[in-house]
Amino acid sequence: MEKPTAPVPGDEPSDSADEGKSPKDSLPDFEEADDGVVDRHMEADDLPRKVGLLVAEGRDFGPHQANPFALAGLIKHYAATVYAIAIRGMQPGEWPAPPGVAALEIASAHVEFVSAEDEALRLDGFDASPAVLAAQRVGDLMEAEGDELVELARSVGPRATRAYRQLLKAIGESDKATVSWAAADREPATVSSTQAARAFRALDREGESESDEFTVLGHLSMADADVNRFKLKLFKGAPRPPQLKRKRVVHGTYEDPVGVLLTEHGLWNKDVEAEIHVERERAETVATPRDPTFVLVSVREAAAPVGKGRSPMPGSISLDLGE
């Protein structure tokens, strides 16, 4: 890529000079090299590794008033999003490493993303490497809006959606920015600060909520007395509802009366049977459901041994405040 002509001291950038131009005009076309590898006139050592090209324009990214913190955040969030999507697309035996940056020019910012050195890159359609497919999916996300964006975000998973949401926030908070992303074998996808802010709101909106209550066995301890936080370590092998199948520990809150009774009856640091109220977002109504919230509403000391090697508990005490 040819380097831009250095600005003459004292000269100010002209808005009219860029009139009618977009970052797409600044993007060199991907070309097919003789060996079938997508090329953009990079050095030979980098040819097999390139997954995408980022171009950012605007006051924060230009040669005269570049904001290094804004640019660093933009690069970080792009890399995090590509990586998070690549993890979901890996094949058995593959482990995609975070993408790296091969070259950087401040003239509008041009950033070349490449795969990790130890990742074998494949560019063949559906059999392409996770990093390549992830870079392409980022472009799909940038082009989507509204409900289509929410559906696509669900398909890449919560981790990738959170990373992409941070990317949108970084673009949306940049001063009059326009950002283009050209994944290998794809046309550039472009968003402005305004479009990014709108997409961020779509992915950050709250979904419909639902609630439930369940009873589980575990070891109760106080996580933070100042804000009424509890910690319940669930016993392995004990019955539990489907929403807790993957959880080992439940963190949540309790009301003051529950805390008083727990202290009076000495149930902290004891094996207990706990009734817990949970509030969560319905997955089908939001791009990335927020973590559920748990509230301890009823507790009693376990009346029988819980787990191998535990001695019997003397009786039980119910702290059900709902009656």
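Below, each value reflects all heavy atoms present in this structure, side chains not excepted, and no hydrogens, waters or symmetry copies.
The shortest distance between side-chain heavy atoms of Arg229 and Met222 does not fall below 4.5 Å. Side-chain contact between Val179 and Tyr78 is present, with heavy atoms from C-beta onward closer than 4.5 Å. The shortest distance between side-chain heavy atoms of Glu301 and Glu273 does not fall below 4.5 Å. Looking at Met142 and Val138, their side chains come closer than 4.5 Å, going by heavy atoms from C-beta outward. Annotation: side chain of Val216 is in contact with side chain of Pro241 (closest heavy-atom distance under 4.5 Å). With contacts defined as side-chain heavy-atom distances shorter than 4.5 Å, the pair Arg240/Leu234 qualifies. In this structure, Ile171 and Leu74 have side chains that are in contact, with non-hydrogen atoms separated by less than 4.5 Å. At least one side-chain heavy atom of Lys231 sits less than 4.5 Å from a side-chain heavy atom of Val249.
To the nearest 0.5 angstrom, Glu148 atom CD is 9.0 Å from Glu143 atom CD. For the atom pair CG of Leu296 and CG of Leu262, the computed distance is 6.0 Å after rounding to the nearest 0.5 Å. Separating the OG atom in Ser211 from the CZ atom in Arg280 is a distance of 8.0 Å, to the nearest 0.5 Å. Here the CG atom belonging to Leu261 is positioned 9.0 Å from the CG atom belonging to Leu267, to the nearest 0.5 angstrom. Rounding to the nearest 0.5 angstrom, the gap separating the CD1 atom in Ile276 from the CZ atom in Phe230 is 4.5 Å. Interatomic distance, Asp271 CG to Lys233 NZ, rounded to the nearest 0.5 Å: 10.5 Å.
Nearest heavy atoms, Ala131 versus Val82: O-CG1, 4.0 Å. For the residue pair Gly139 and Ala189, the shortest heavy atom distance occurs at O-CB, 3.6 Å. The two atoms that bring Asp226 and Asp224 nearest to each other are N-OD1, 3.0 Å, heavy atoms only. Heavy-atom minimum distance, Ala196 versus Gly172: CB-N, 3.8 Å.
Aromatic rings from Trp181 and Tyr164 are positioned such that their centres are separated by 6.0 Å or more.
Leu232 and Trp268 end up in the same hydrophobic cluster when Ile, Leu, Val, Met, Phe, Trp and Tyr side chains are linked at under 4.5 Å.
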Subject >> Worked check of side-chain contact (heavy atoms from CB on, under 4.5 Å) between Asn269 and His219 >> reply: CA-CA 6 Å; Asn269 298 312; His219 186 79; 4.3 Å; yes
**OP:** Assess whether side-chain contact (heavy atoms from CB on, under 4.5 Å) is satisfied between Lys176 and Ser192, documenting all intermediate values.
**Re:** CA-CA 7 Å; Lys176 298 181 180 179; Ser192 66; over 6 Å; no
**OP:** Could you go through the side-chain contact (heavy atoms from CB on, under 4.5 Å) check for Leu141 and Ile85 one step at a time?
**Re:** CA-CA 11 Å; Leu141 287 165; Ile85 297 176; 4.1 Å; yes
Subject >> Stepwise side-chain contact (heavy atoms from CB on, under 4.5 Å) check, Leu133 with Arg137 >> reply: CA-CA 6 Å; Leu133 293 176; Arg137 185 54 62 92; over 6 Å; no
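Gln166 and His77 share no side-chain donor-acceptor pair at under 3.5 Å.
In this structure, the side chain of Thr190 does not engage the main chain of Ser180 through any donor-acceptor pair within 3.5 Å. The main-chain N or O of Leu203 is found under 3.5 Å from a side-chain atom of Arg165 such that the two form a donor-acceptor pair. Side-chain atoms of Thr161 never come within 3.5 Å of backbone atoms of Pro158 as a donor-acceptor pair (strictly under, hydrogens ignored). Side-chain N or O atoms of Asp212 include none that pairs as donor or acceptor with a backbone N or O of Val278 at under 3.5 Å. The closest donor-acceptor contact from the side chain of Ser193 to the backbone of Ala177 lies under 3.5 Å. Between the side chain of Glu275 and the backbone N or O of Glu213, no donor-acceptor pair lies under 3.5 Å.
With respect to the salt-bridge test (charged N to carboxylate O, under 4.0 angstrom), the residues Arg186 and Asp140 qualify. Ionic pairing of Arg205 and Asp147 is present here: one or more N-O contacts between side-chain nitrogen and carboxylate oxygen are shorter than 4.0 angstrom.
Taking the six-membered ring where tryptophan is involved, the planes of Phe214 and Phe294 are perpendicular, since the angle between them exceeds 60° and thus also 30°.
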